[in-house]
Amino acid sequence: MDFQDILVRCLFHWNNHKDKLQQAQQQYKYVIVDEFQDLNALQFELLTKLCPAETANLMVVGDQNQAIYGFQGGMGYIFDEFDRVYRERVDHLYLATNYRSTPTIVNTALHFLYNKNSTTPNNHNTTTTAVPPAITTVAADGPPVTLRGTKDENAESRYVAARIAAIHKEHHTPFHQIAVLCRLRKHIPQFVAALHQLAIPTTTTTEEPKHGSRAVVLRHFDVHHYYCCYYRCRQ
């Protein structure tokens, strides 16, 4: 039994045992959902069961532009569904201050998200507005965002390793303040090999943290496969 199976059984249990649903509603009177943009249909239905529109004390936090779980049923239009279900009692609070990124990074991201002439298409499952929001940052401006194309993956890993070595030498940036983000776990070894050829220490987020580690951190965003068992049960 995986996590999706547990959710399906919970929904089945609540649909067939109203007293258990009422017990859960009485126990969890205040609910907050983080990363709301990544909910799928099953999770949203569970939420509406637990938090009925008439009496819900519910807060959701999310950003439709960060919806990345469409492969497992995440609904980029989930905020529209939320407004539809809870429309009589919804208040919107926009968090317009970025505490993490430099103005350069924020403005570059807004350009790709809202520029109609951008070569990077928006996710059509989202409800991205045509006008970029007024986002401010508290960080000082940083170096420009660089887009670099290479002929293959090996050339890419060598280029990244060379850039890290140059940044470390020219700007005295400690290795542990540098990260390499990989889309898949299988891409990590080629970067590790290229970095080790230049005597650059590495560690990954899947390894046990080393005390006082001064290594470059490599992190992957592995795409796990989930079965849409919820839809099978509903049919």
Side-chain angles (χ1 to χ4, degrees), residues 34-38 61-69 71 93-115 117-123 126 128 132-224:
D34 196 13
E35 304 293 353
F36 183 69
Q37 73 279 353
D38 293 325
V61 183
D63 178 2
Q64 63 261 34
N65 287 321
Q66 298 185 42
I68 60 173
Y69 282 93
F71 65 89
L93 176 64
Y94 294 96
L95 306 179
T97 303
N98 186 300
Y99 294 92
R100 178 182 297 172
S101 303
T102 65
T104 303
I105 293 175
V106 170
N107 291 332
T108 301
L110 291 176
H111 170 80
F112 281 102
L113 287 170
Y114 296 96
N115 183 6
N117 297 322
S118 172
T119 57
T120 302
N122 287 327
N123 184 344
T126 67
T128 303
I135 296 179
T136 60
T137 64
V138 298
D141 209 354
V145 176
T146 302
L147 176 64
R148 174 80 179 193
T150 58
K151 65 178 182 179
D152 55 36
E153 294 179 351
N154 290 328
E156 178 187 17
S157 59
R158 291 195 300 270
Y159 169 77
V160 170
R163 284 295 300 142
I164 290 174
I167 291 171
H168 177 69
K169 181 178 180 181
E170 297 169 8
H171 304 286
H172 307 289
T173 303
F175 286 130
H176 70 278
Q177 292 184 6
I178 300 174
V180 178
L181 306 181
C182 302
R183 182 172 179 270
L184 299 174
R185 186 195 304 269
K186 68 179 183 180
H187 295 158
I188 289 180
Q190 68 191 42
F191 286 98
V192 170
L195 290 164
H196 287 179
Q197 285 182 350
L198 299 182
I200 298 175
T202 64
T203 186
T204 70
T205 54
T206 57
E207 297 175 358
E208 288 295 326
K210 302 178 179 64
H211 179 70
S213 175
R214 297 297 180 187
V216 172
V217 177
L218 294 100
R219 179 178 181 180
H220 79 283
F221 294 91
D222 220 349
V223 179
H224 299 289

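Predicted, not measured: the structure shown is a model, and the values here were computed from it. One is the number of the first residue; the rest follow in order along the sequence.
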Visitor: Taking only residues two or more places apart in sequence, or in another chain, which ones meet Phe36 in a ring-ring contact (aromatic ring centres under 6.0 Å, His included)?
Guide: Phe79, Phe82
Visitor: Suppose we screen for side-chain hydrogen bond (donor to acceptor under 3.5 Å, both in side chains). Which residues come up paired with Gln197, at least two apart in sequence or across chains?
Guide: none
Visitor: Check side-chain contact (heavy atoms from CB on, under 4.5 Å) between His171 and all other residues, then give those that pass, not counting sequence neighbours.
Guide: Ile167, Thr173
Visitor: Looking only at heavy atoms, which two atoms of Ala140 and Pro103 are closest? And how far apart?
Guide: O-CD, 3.6 Å
Visitor: Report the residues that fulfil side-chain hydrogen bond (donor to acceptor under 3.5 Å, both in side chains) with Glu35, sequence neighbours left out, ordered by chain and then residue number.
Guide: Gln37
Visitor: Starting at NE2 of His176, measure out to OG1 of Thr202 and round the result to the nearest 0.5 Å.
Guide: 15.0 Å
Visitor: Excluding sequence neighbours, so at least two apart, what forms side-chain contact (heavy atoms from CB on, under 4.5 Å) with Thr97?
Guide: Tyr99, Thr136, Val138
Visitor: Using the side-chain hydrogen bond (donor to acceptor under 3.5 Å, both in side chains) criterion, which residues pair with Gln190? Sequence neighbours excluded.
Guide: none
Visitor: First locate atom NE2 of His187, then atom CZ of Arg185, and finally report the distance between them rounded to the nearest 0.5 Å.
Guide: 12.5 Å
Visitor: Mind running side chain to side chain contact (heavy atoms under 4.5 Å, CB included) on Val160 and Ile164 for me, showing each step along the way?
Guide: CA-CA 6 Å; Val160 170; Ile164 290 174; 3.9 Å; yes
Visitor: What are the two closest heavy atoms between Ala139 and Ser101, and how far apart are they?
Guide: CB-O, 3.6 Å
Visitor: For the atom pair CZ (Phe191) and CG (Leu181), what is the distance rounded to the nearest 0.5 Å?
Guide: 10.0 Å
Visitor: Return each pair, listed once, that meets side-chain hydrogen bond (donor to acceptor under 3.5 Å, both in side chains) where at least one residue sits in residues 140-162; pairs must be two or more places apart or across chains.
Guide: Thr104-Asp141
Visitor: Between Cys182 and Ile188, what is the shortest heavy-atom contact and its length?
Guide: SG-CG1, 4.0 Å
Visitor: Got Ile200 and His196 here, is their nearest side-chain heavy-atom distance under 4.5 Å?
Guide: no
Visitor: Over all heavy atoms of both residues, which pair between Ala67 and Asp38 is shortest? Give the atoms and the distance, please.
Guide: CA-OD1, 3.6 Å
Visitor: Identify, with sequence neighbours excluded, every residue that meets side-chain hydrogen bond (donor to acceptor under 3.5 Å, both in side chains) alongside Asn98.
Guide: none
Visitor: Among all residues two or more places apart in sequence or in another chain, which pass the side-chain contact (heavy atoms from CB on, under 4.5 Å) test with Ala109?
Guide: none
Visitor: With His168, which residues qualify under ring-ring contact (aromatic ring centres under 6.0 Å, His included), at least two apart?
Guide: Phe175
Visitor: Can you name the closest pair of heavy atoms from Ala134 and Ala96 and give their distance?
Guide: O-CB, 3.4 Å
Visitor: Return the minimal non-hydrogen interatomic distance between Gly142 and Thr102, and the atom names on each side.
Guide: N-CB, 3.8 Å
